[in-house]
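Notes to accompany the following structure.
Every heavy atom of this structure was used, including side-chain atoms; hydrogens, water molecules and symmetry mates were not. The chains referred to below are lettered A, B, ... by the order of the sequence lines, with proteins before strands, and numbering in each begins at 1. Every value quoted in this text rests on a predicted model; they were computed, and no experiment measured them.
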There are 2 protein chains.
Amino acid sequence: MDHPRGHTEPGAEADGELESLVARVPIFSGLDHGQIREIAARVQPRIVPRNEQLYGAGDVNPYLRIIHTGTVKVYRITESGHEQVLRVLGAGDFLGEKALISPSVSDHFAVTLTEAEICSLEHAAIRDYLLRYPSVALTMLETLSARLGSTEEQVSAIAGEDAASRVATYLVGLAEELKRNSVALPITKKDVASFLGLTPETLSRRLAGFEDNGWIHQQGNRRIDILDLEALRLV
Amino acid sequence: MDHPRGHTEPGAEADGELESLVARVPIFSGLDHGQIREIAARVQPRIVPRNEQLYGAGDVNPYLRIIHTGTVKVYRITESGHEQVLRVLGAGDFLGEKALISPSVSDHFAVTLTEAEICSLEHAAIRDYLLRYPSVALTMLETLSARLGSTEEQVSAIAGEDAASRVATYLVGLAEELKRNSVALPITKKDVASFLGLTPETLSRRLAGFEDNGWIHQQGNRRIDILDLEALRLV
DNA sequence: GCATCGCCTTGACGCAGGTCAAGTCGTGGA
DNA sequence: TCCACGACTTGACCTGCGTCAAGGCGATGC
């Protein structure tokens, strides 16, 4: 089972494809081919339809999930009923790490926004890999640390910046990430508003204001052309 | 250097004390005595006076720091000048993990709130331990994951709850953590306000309101007696 | 022990953004 | 291709919280 094979070609066999899938996952980069094979053997890949809830508050969620294609929205609902979008995950990202060690009850929801290809790994298995292949743990640490950093930014933006500034910063970030001036929102405007700690009405008004200023141009509900990036940076 | 010693007694020699210090750090729990000794040899303990800045935005901060005694405030200052308190760390907590792998420039500030005993470990050393002792990485993952969870709570509270509710939840949390009805604020009210995404004026007004309702009693600037925990829970 | 600085409190006021409502439009599912 | 639901927009209103200001008090450092 765990003897290393000389060639690194994925080959044409059925799980060769699965192995190359695993090899492209950031947290497994740095593992050699034999280790990739071992993990691929324990992975359960699945095509998940759009709008399917992966887990919800109250669930005991025993899987670490890795997204190969598609996007997933992670949000939380407060005691008072407020829905807060926390982040949007895409190809290469993982979720479900919270209960990795102490399998606690989740207060998160995760829903697919598009059809998605997702691999599930049981927590016991992941824990085993983390102990045997420390580089996997190191990469996860780096990812979690980055995630903490952006959630901290979310806190200080919501607490300290006004609505226009938050919306502008979000658009600039999107444009920089995509390296394009015409961006497609990864989520609905309603969800963008929630992510930014705003109501949909306020987001709509600010975007309309930007459009009046000639800084952006909106097409349909999702596409925004950015006409003046510098003006947005200065908001 | 790395031969295991049979006895687990800290002994009376100078660095025996240092070893027992290291052994009490949560992320090093689970290591055996020989491993603890190895780490103790690389550790630089220091007594840091009150109000000393451990690192600031723009610093390249090459140390993971572990707090043995005392408390440390971590905050960030946004582009527009808003100061946001992110968390308060105490005995057993670590900080400086952000640049653990890619030594990026920090946008955080960390200041001691009391005199503190703090150990510094170079990132290269910690990285080495993480690769050799995966249980350390696992504990760090667990801690970071918990930290992410509470920062997410901070986001949804600031975005979704009104001022009174945030203040009440904060007091209830403090009382539960200390398991007492008379709590001492770990930070100034000004900092509590920042942590909760409020101005000091609003915090002061809400606390005065709670006192008018007979739910709390304030003594001096730091001590608050909680007279009606249930009422606070229902705010 | 005392002085001083900065924290805390209280008041008055204004406004950013939330709420409610109604109408339009886009989009995804059949 | 079409339909229907939900997302989005726009307007009017209003309130909670921030801002500015001034005074009292407490805690820190000498």
Separation of dG6(D) P from Glu83(A) CD (nearest whole Å): 14 Å
Lys190(A) has an atom NZ; how far is it from atom P of dT9(D), in whole Å? 14 Å
In plain terms, say whether Lys98(B) and Asp107(B) are close enough for a salt bridge, that is, a side-chain N and a carboxylate O under 4.0 Å apart. yes
Using five base pairs at each end to define the local axes, how bent is the helix from dG1(C)-dC30(D) to dA30(C)-dT1(D), to the nearest 10°? 80°
When the distance from CG of Leu113(B) to C1' of dC7(C) is rounded to whole Å, what number comes out? 15 Å
Under the criterion salt bridge (Lys or Arg N to Asp or Glu O under 4.0 Å), I'd like the reasoning laid out for Arg46(A) against Glu52(A): C-alpha separation, chi angles, the key distance, then a yes or no. CA-CA 12 Å; Arg46(A) 187 163 85 87; Glu52(A) 180 164 308; 2.7 Å; yes
Are Arg205(A) and Asp212(A) close enough for a salt bridge, meaning some N to O gap below 4.0 Å? no
Do the charged groups of Glu211(A) and Arg206(A) touch, with an N to O distance under 4.0 Å? no
Are Glu83(A) and Lys73(A) within salt-bridge range, i.e. N to O under 4.0 Å? yes
Taken to the nearest whole Å, CD1/Ile158(B) to P/dG18(D) is 11 Å
Polar side chain donor-acceptor pair, Gln84(B) to Thr78(B), under 3.5 angstrom: no
Protein-to-nucleotide contact annotation, 5' to 3' order, nucleotides 25-30 of chain C [B base; S sugar-phosphate only; - none; under 4.0 Å, heavy atom]: -SSSS-
Here the distance between atom P of dC25(D) and atom NZ of Lys189(B), to the nearest Å, is 14 Å
Tyr75(A) vs Phe109(A) aromatic rings, parallel, tilted or perpendicular, using cut-offs 30° and 60°? parallel
Do Arg147(B)'s NZ or CZ and the ring of Phe94(B) fall within the cation-pi criteria of under 6.0 Å and 45°? yes
Is the NZ atom of Lys190(B) crowded by more than 12 outside heavy atoms at less than 6.0 Å? no
Expressed in angstrom and rounded to an integer, what is the separation of Asp162(A) atom CG from dT19(D) atom P? 11 Å
So, Arg50(B) and Thr112(B): side-chain donor and acceptor under 3.5 Å apart, yes or no? no
Side-chain contact test, heavy atoms from C-beta onward, threshold under 4.5 Å: evaluate it for Leu174(B) versus Pro186(B) and give yes or no. yes
I want to check one thing: is the phosphate of dC8(D), taken as OP1 and OP2, less than 4.0 Å away from some side-chain N or O of Gln218(A)? no
Take the protein atom CG of Leu185(A) and the nucleotide atom P of dA7(D), then report the distance between them rounded to whole Å. 14 Å
Per the under-4.0 Å heavy-atom filter, residues of residues 195-207 of chain A near DNA chain D come out as Glu201(A), Ser204(A), Arg205(A)
